[in-house]
4 protein chains.
Amino acid sequence: MVDVTGATSESKRTKKDADVGGIGAGQLRSFVERIERLEEEKKALSGDIKEVYAEAKGNGFDTKIMRKVISIRKLEDAERQEQESLLELYMAALGMVPQQAAE
Amino acid sequence: MVDVTGATSESKRTKKDADVGGIGAGQLRSFVERIERLEEEKKALSGDIKEVYAEAKGNGFDTKIMRKVISIRKLEDAERQEQESLLELYMAALGMVPQQAAE
Amino acid sequence: MVDVTGATSESKRTKKDADVGGIGAGQLRSFVERIERLEEEKKALSGDIKEVYAEAKGNGFDTKIMRKVISIRKLEDAERQEQESLLELYMAALGMVPQQAAE
Amino acid sequence: MVDVTGATSESKRTKKDADVGGIGAGQLRSFVERIERLEEEKKALSGDIKEVYAEAKGNGFDTKIMRKVISIRKLEDAERQEQESLLELYMAALGMVPQQAAE
DNA sequence: GCTCAAAAGTGCAGCC
DNA sequence: GGCTGCACTTTTGAGC
């Protein structure tokens, strides 16, 4: 049998579930479940977004254009942040402290 | 100027923010903001997942294999759901009604 | 004028069709035509598939269920391949070499 | 057991593989296999296309731009066909016969 | 015509 | 740091 932990173990004693391959299988299980839980939440959010688009369409809006608008706003936001980080860089280079870094 | 609402308006009165193009711009704004909020939450979850992988890696696990394991589990889950929907389909084909349709 | 070859050329002499932008335009043309030919074949196959479904429907089969069945078979096949690649991954992690890599 | 043929049968005798649900299961199997074969060929072609792109990249071409070029050519071709079919329509309306369909 | 699912294209992260 | 492979997004096509 192979090491299902995915851990780079060197002993590979394969004792029991709680300690397989020299590294905690229970720990691995924990990581995997946490990730799967988070991915489910992501999936749920995707569903929510889909619903909002559906609702918007039901109110006569063109979702294709909406998506475009949102993507543009995202781009602009990214640019803005880019500019801000550049500004901070300049300020740091000039020995200035940022008034208040936005959290 | 073009109609940025994406609404299938015919009047395009462009009065104020609350009513552009014959359909509520405020309503559109609301939809857009809801979507952007949800997308932010998704992004945050992606970050969380990334962190978990990093933590796992810090504990000696091979993230590449972990990802593979998770993808397989996802596949198995997908197949299970497929089986269920197929069963429903067969039942429908046989004129049977589902005992209780899950809401 | 811009470089339509897509090649990372530095000269941009734009002599003739056989040599544009310092890199063979004829070569590019060849690649493009090969791709377009392959895509046409793909499209033809899609048409063939459509025809088979139509024929099946003409013989009294429910194409919706057929599609479902086929998708499930595909899923099962995908999972099988996933399992195999996972096995390879495990073996690699254990420093084992594959007996013989299937061509 | 349910009717796996997907056929809209009313008898559902479920005799054996060659005749399930009143309609030929063997026939269904034939349809399914034909479709799966065609889909495999499609997949193979996708792989071929991928290879051509890789080869082009290896020769210094920018595949992203290549894809753009190809998509534009496809669009232009669609437009051209649109024009031609319109022309044919006009000619038919005028009682003219098409000389010979352009290759 | 609208909705939904499959396919393609794009962008990103991990790896060499 | 370039590249391959992967995930997400977008687009296209089929079904109802």
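Just so it is clear, the model here is predicted, and its values are computed rather than measured. Reminder, nothing fancy here: chain letters follow the sequence lines and each chain counts from 1.
Using a cut-off of 4.0 Å between Lys/Arg side-chain N and Asp/Glu carboxylate O, B/Lys68 and C/Glu82 are scored as salt-bridged. Salt bridge B/Glu41/B/Arg37: present, at least one basic N to carboxylate O contact under 4.0 Å.
The nearest pair of heavy atoms linking A/Asn59 to A/Glu55 is ND2-O, 2.8 Å. Here the closest non-hydrogen pair linking B/Tyr53 and B/Thr63 is O-CG2, 3.5 Å.
For the pair C/Leu45 CG and E/dA7 C1', the computed distance is 15 Å after rounding to whole Å. In this entry the distance linking CG of C/Asp48 with P of F/dA14 reads 13 Å, nearest Å. Atom CD1 in B/Ile65 sits about 16 Å away from atom P in E/dG14, given to the nearest Å. Protein atom CE of B/Met66 is 13 Å distant from nucleotide atom P of E/dG14, rounded to whole Å. Taking atom NZ on C/Lys43 and atom P on E/dA7, their separation rounds to 16 Å, with Å as the unit. Atom-to-atom, CG of B/Asp62 to P of E/dG14 comes out at 12 Å; the value is rounded to the nearest Å.
Judged as a salt bridge (charged side-chain N to carboxylate O under 4.0 Å, His left out), and not counting sequence neighbours, the contacts of C/Lys74 are D/Glu39.
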Residues C/Glu88, C/Met91; criterion side-chain contact (heavy atoms from CB on, under 4.5 Å); working and verdict: CA-CA 5 Å; C/Glu88 286 174 24; C/Met91 290 176 67; 5.5 Å; no

Do nucleotides 4-12 of chain F as a string where each nucleotide becomes B, S or -: B if the base has a protein heavy atom under 4.0 Å, S if just the sugar-phosphate does, - if no protein is that close. ----SSS--

